[in-house]
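It should be emphasised that the depicted structure is a prediction, and the values quoted were computed from it without experimental measurement.
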Amino acid sequence: MESERRKILEMLSNGTISVDEAERLLKALSESPDSNSANTDAPEVGKPKYLRVLVEPAAGNRHGERVNIRVPLNLIRAGLKWAAFIPEHAQVKLGKAFKEKGISADLSKLSPEDLEDLILNLNDLEVEVEGEEVIKVFCE
Amino acid sequence: MIPWWLKIKIPRQDREPFFLTLPLLLVWLLLILIMIILLPFLLLFGLLFWFKWYGKLAIFIFPLLFSVLWHLKGLHIDIEDRNGQIYLSFV
């Protein structure tokens, strides 16, 4: 629980979440039924298992694309382990491609802790884009 | 858990799509057989080229592959547009 509290405070100091959101998360953490439990190895209730991507045509658009993808988060964890075996020359190319898109990322330096952090934060992810299509990305 | 069935959808013109459930047990058995045959060669290759990236990959490829296959269960892909449809579901 202490690590989760620290993580929330870190997210607040980084500006990832607002003061209100941090307050809400801390309150939810203190109110959670297993917050007093000493057994931290117990499986978390409501822990997301899948990453979902849904694309549906907006109202009035009959011919839009429909996408319904469900990816197990454990599969993402397993897949990212392959990143450690990307050859150096390919990593340079990847780094350049990422930079062109304005992303500074180095997959070879991705540690298991970073990965768990990423997945933990995916828990709160919910993206909805409305235009010709309604796009939803969330964890469940 | 490892998936045992693969469901695919075959679209048919002017008719309801046809669902096909394929047993993956046969694929896994074939894969294990191929892996057993390849294992000594991969180990030898891995030891010879240990200091290159492909040497390490040769040693770790089976555990990595198994971890991906093990977690395939629950993967569901359903994409549909004007030109066609892709439907895959590992159960």
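Surrounding CZ of B:Phe66 are at most 12 heavy atoms belonging to other residues, nucleotides or ligands under 6.0 Å away. Surrounding NZ of B:Lys9 are more than 12 heavy atoms belonging to other residues, nucleotides or ligands, all under 6.0 Å away.
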Original post:
Hey, mind stepping through B:Tyr87 and A:Asn68 against side-chain contact (heavy atoms from CB on, under 4.5 Å) and telling me if it holds?
Top reply: CA-CA 9 Å; B:Tyr87 181 96; A:Asn68 179 6; over 6 Å; no

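Annotation: the span from B:Asp78 atom CG to A:Arg70 atom CZ amounts to 11.0 Å, rounded to 0.5 Å. A distance of 10.0 Å separates CD1 in A:Ile69 from CG in B:Leu88, rounded to the nearest 0.5 Å. Within the model, atoms CD1 of A:Ile86 and CH2 of B:Trp53 stand 10.0 Å from one another, a figure rounded to the nearest 0.5 Å. Atoms NE2 and CD1, on B:His71 and A:Ile76 in that order, are 12.0 Å from each other to the nearest 0.5 Å.
Looking at B:Lys73, the atoms closer than 4.5 Å to chain A (heavy atoms on both sides) all sit in the backbone: N, CA, C or O.
Hydrophobic clustering keeps B:Leu39 apart from B:Leu47 (ILVMFWY residues linked when any side-chain heavy atoms are closer than 4.5 Å, directly or through intermediates). B:Phe18 and B:Val91 end up in the same hydrophobic cluster when Ile, Leu, Val, Met, Phe, Trp and Tyr side chains are linked at under 4.5 Å. Using a 4.5 Å cut-off between side-chain heavy atoms of Ile, Leu, Val, Met, Phe, Trp and Tyr, with links allowed through other members, B:Ile59 and B:Ile37 fall into different hydrophobic clusters. Hydrophobic clustering (ILVMFWY, side-chain heavy atoms < 4.5 Å, transitive): B:Leu24 and B:Ile34 are in one cluster. Residues B:Trp4 and B:Leu29 share a single hydrophobic cluster, defined by chaining ILVMFWY side chains whose heavy atoms lie under 4.5 Å apart.
The aromatic rings of A:Phe85 and B:Phe60 sit tilted relative to each other, their planes meeting at an angle between 30° and 60°.
Contact count versus chain B (heavy atoms, under 4.5 Å) is highest, among A:Pro72, A:Gly79, A:Pro57, for A:Pro72. By number of non-hydrogen pairs under 4.5 angstrom with chain B, the leading residue of A:Lys49, A:Lys81, A:Arg52, A:Glu65 is A:Glu65.
Across all non-hydrogen atoms, the minimal contact from A:Trp82 to B:Leu57 is CZ3-CD1, 4.0 Å. Considering all non-hydrogen atoms of both residues, B:Val68 and A:Leu75 come closest at O-CD1, 3.3 Å.
The closest side-chain heavy-atom distance from B:Ile77 to A:Val67 is not below 4.5 Å.
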